[in-house]
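Reminder, nothing fancy here: chain letters follow the sequence lines and each chain counts from 1. Excluded from the calculations below are hydrogen atoms, water molecules and symmetry mates; all remaining heavy atoms, backbone and side chain alike, are included. Since the structure is predicted, the reported quantities are computational estimates derived from the model, not experimental observations.
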Amino acid sequence: MKNFVDELRWRGMLHDIMPGTEELLNKEMVSGYIGFDPTADSLGVGNMVQIMTLVHFQRAGHKPYALVGGATGRVGDPSGKSQERNLLSPEEINYNLERQKAQLEKFLDFGNQPNSAEIVNNYDWFKDFYFLDFIRDTGKHISVNYMMAKDSVKNRLESGMSFTEFTYQLIQGYDFYHLHQAHQVKLQMGGSDQWGNITTGTELIRRKGAGEAFALTTPLIKKADGTKFGKSEKGNIWLDPEKTSPYEFYQFWLNAADADCQTYIKIFSLKDQNEIETLIAEHQQEPHLRKLQKALAEEITERVHGKNELENAIEASNILFGNATEEALRKLNEKTLLAVFAGVPQHEVNTQKLKEGIPIVEFLAEETAIFPSKGEARKMVQGNGISINKSKVGMDKVVTEEDLINRKYVLTQRGKRNYFLILFN
RNA sequence: GGGGAGAUACUCAAGCGGCCAACGAGGACAGACUGUAAAUCUGUUGGUAUUCACCUUCGCAGGUUCGAAUCCUGCUCUCCCCA
């Protein structure tokens with residue numbers, strides 16, 4: 001049995017740990033769980049820290065439980081929230097749960113080993129709970145004073161919070177108790193913002209005389225520039241390829257800042273300590289090669305989206321950012337082309353107009369709405385900022401049938417990074 | 001209730017009768033450099049027009065004037081001081 005706590009420690013994934021936890025983990029196979037909140041129909045990279053915690057937990061020989069919050073999702077966790085949350089309908093929650101389950105299965109081993117992962121839904125044990133039973137059997141053990149002392153509650157006393165959210169910690173606490181009784185789960189893990197909720201659980205277990213329970217939290221990751229991890233300009237980075245294309249996903253990791261990717265690789269990579277330390281050392285020697293970002297992006301993209309999608313993402317990146325020429329672009333078949341430019345804004349133009357040829361400014365401003373006005377389009381062309389099919393164009397450019405790729409497409413670039421795929425039909 | 005100051009483009013902020021599509025700063029976008037980075041340098045930043053030029057914009061509505069962001073009147077809103 002590997003030392004799980006040590007593993008988290010060198011990876012920088014240990015924030016807080018209850019006394020006795022490490023001893024327990026080194027003594028026997030432990031069942032531990034982390035809860036996931038079904039407020040979105042996909043997990044995002046922000047959830048990956050927790051997923052990886054479970055992965056390392058399982059790799060150390062322990063038994064991971066992923067709890068999806070069918071019940072808690074109906075209440076709303078006030079931790080770290082400054083406002084009361086909107087409640088989702090039961091249908092939305094169920095849909096979200098199913099999607100998240102499928103994603104968890106990509107990371108954890110659900111086979112037939114003693115320490116195979118399991119997914120549980122707390123709605124299963126809460127759905128038949130009677131309110132009176134709950135407040136008698138559970139509420140009796142936890143005082144309001146204790147609940148009020150939690151940061152998640154204290155921080156909201158000024159702005160106000162509903163009774164519903166106030167009770168959240170009891171519900172989550174009861175989850176722990178239930179898993180402790182039903183599955184001998186002795187450890188709950190989570191982000192450091194969950195410490196309060198988790199200790200309500202250990203407290204409940206202790207007061208109900210049910211035995212020992214332990215807790216461990218991971219730090220919340222922040223980016224070096226202080227902004228929130230897990231978001232790009234376009235918004236959240238999701239694990240669902242429908243919501244964030246594998247290409248965008250790959251790019252997200254590839255674009256990580258130098259300072260950040262040293263933290264990330266320890267958290268998100270399954271490589272061992274030696275290998276990671278070597279990579280970091282190499283990265284510091286030659287940061288411009290960005291070995292870390294590449295290793296990180298490749299490993300994670302492959303795990304989440306598979307080898308095929310990773311290769312497509314790399315290929316797309318080479319075409320979009322490498323020195324790919326017009327020839328390389330023309331060599332792509334239609335399917336790859338569309339895959340590469342999935343997520344790029346598209347415009348449709350009538351093919352008839354091509355017979356005459358479309359002057360570049362008209363093409364940019366009127367036919368495709370890439371620019372809102374002709375003047376702006378003209379200035380950008382004069383400023384050497386427009387490429388058609390990877391080649392810079394000047395004011396004399398006229399778009400004709402010769403420019404079509406696969407007889408249907410014209411790739412337009414504003415600057416280096418903004419692509420527009422024009423579809424002729 | 002009394003007195004004062006102000007409202008300018010994405011934001012801040014000049015301009016106070018013609019030279020104003022409006023100084024400057026920030027932001028944004030693009031170019032060079034670079035690592036698909038940071039920093040730096042350069043350009044663009046109301047619309048139409050290849051040029052001349054024209055149109056629309058300085059809180060809103062009127063007025064004075066050959067000509068108004070600029071002067072006058074009314075209105076709306078904001079801030080400050082005294083009660």
Legend entry - Geometric class of the A:Phe163/A:Phe166 ring pair [parallel <30°, tilted 30-60°, perpendicular >60°]: tilted
Legend entry - Base-pairing mate for B:C77 - Watson-Crick or G-U, with both contacts under 3.5 Å: B:G6
Are any protein N/O atoms closer than 3.5 Å to N/O atoms in nucleotides 26-30 of chain B? If there are, list each pair with its distance.
from, atom 1, to, atom 2, distance (Å)
B:A30, OP1, A:Asn418, ND2, 2.6

Inset, instruction - Please state how far atom CZ in A:Arg290 lies from atom P in B:A38, giving the value in whole angstrom units. - result: 11 Å
Legend entry - Separation of B:U36 C1' from A:Gln413 CD (nearest whole Å): 12 Å
Legend entry - Geometric class of the A:His178/A:Tyr174 ring pair [parallel <30°, tilted 30-60°, perpendicular >60°]: tilted
Inset, instruction - Could you give the distance separating B:G17 and B:C72 at their C1' atoms, to the nearest angstrom? - result: 13 Å
Inset, instruction - To the nearest Å, give me how far apart CE (A:Met395) and C1' (B:U51) are. - result: 13 Å
Inset, instruction - Return yes if a side-chain donor-acceptor contact under 3.5 Å exists between A:Thr218 and A:Gln50, otherwise no. - result: yes
Inset, instruction - State whether a side-chain donor-acceptor pair under 3.5 Å links A:Gln194 with A:Gln172. - result: yes
Inset, instruction - Name the pairing partner of B:C23, where a pair is Watson-Crick or G-U wobble with both distances under 3.5 Å, or state none. - result: none
Legend entry - Euclidean distance for P, B:A37 against B:G46 (whole angstrom): 27 Å
Legend entry - Spacing of the P atoms in B:U57 and B:U51 (rounded, Å): 23 Å
Legend entry - Pairwise P distance, B:C54 and B:G63 [rounded to whole Å]: 24 Å
Legend entry - Short side-chain N/O contact from A:Lys374 to OP1 or OP2 of B:A49, under 4.0 Å: yes
Inset, instruction - For A:Glu376, answer base if it contacts any base atom (sugar-phosphate contacts may also be present), sugar-phosphate if it contacts only those atoms, and nothing otherwise; contact means non-hydrogen atoms under 4.0 Å. - result: sugar-phosphate
Legend entry - Donor + acceptor pair across side chains of A:Asp258, A:Gln284 (<3.5 Å): no
Legend entry - Expected output: side-chain A:Gln169 to main-chain A:Met147 donor-acceptor under 3.5 Å: yes
Inset, instruction - Would you kindly compare A:Asp258 and A:Pro372 by the position of their nearest RNA chain B nucleotide and give the one closer to the 5′ end? - result: A:Asp258
Legend entry - B:U56 and B:G47, which share atom name C1', separated by this distance in whole Å: 7 Å
Inset, instruction - Scan every strand shown for a Watson-Crick or G-U wobble partner of B:C58, both distances under 3.5 Å, and answer none if you come up empty. - result: none
Inset, instruction - Taking only the side-chain nitrogens and oxygens of A:Arg378, find out if one of them lies under 4.0 Å from OP1 or OP2 of B:A49. - result: yes
Inset, instruction - Rounded to the nearest angstrom, tell me the gap between atom CG in A:Asn318 and atom C1' in B:G35. - result: 14 Å
Legend entry - Nucleotide nearest A:Gln251 (side chain, heavy atoms from C-beta), chosen from B:U36, B:G35, B:U45: B:U36
Legend entry - For atom CG of A:Leu364 and atom P of B:U44, their distance in whole Å: 20 Å
Inset, instruction - Identify the nucleotide, in any strand shown, that forms a Watson-Crick or G-U wobble pair with B:C66, with both distances under 3.5 Å; if there is none, say none. - result: B:G18
Inset, instruction - Using whole Å, report how far NE2 of A:His288 lies from C1' of B:A39. - result: 17 Å
Inset, instruction - For A:Gln382 and for A:Ala256, find the nucleotide of RNA chain B with the closest heavy atom, then tell me which residue's nucleotide is more 5'. - result: A:Ala256
Legend entry - Separation of atom CD1 in A:Ile319 from atom P in B:U36, rounded to whole Å: 16 Å
Legend entry - N-O pairing of A:Lys374 and A:Glu366 below 4.0 Å: yes
Inset, instruction - Could you tell me how the ring of A:Phe268 sits relative to the ring of A:Tyr264: parallel (under 30°), tilted (30 to 60°) or perpendicular (over 60°)? - result: perpendicular
Legend entry - Same-atom distance (C1') from B:G6 to B:G59, integer angstrom: 11 Å
Inset, instruction - Look through every strand shown and name the nucleotide pairing with B:U36 as Watson-Crick or G-U wobble, where both distances are under 3.5 Å. - result: none
Inset, instruction - For nucleotides B:C58 and B:G15, find the distance between their C1' atoms and express it as a whole number of Å. - result: 10 Å
Legend entry - Under 3.5 Å side-chain donor-acceptor pair for A:Glu334 and A:Tyr409: yes
Legend entry - Pair assignment for B:A30, Watson-Crick or G-U wobble, requiring both distances under 3.5 Å: B:U42
Inset, instruction - Answer yes or no: does a side-chain N or O of A:Ser373 lie under 4.0 Å from OP1 or OP2 of B:G46? - result: no
Legend entry - Separation of the C1' atoms in B:C60 and B:U78, to the nearest angstrom: 15 Å
Inset, instruction - Would you kindly give the CZ-to-P distance between A:Phe321 and B:U34, to the nearest whole Å? - result: 18 Å
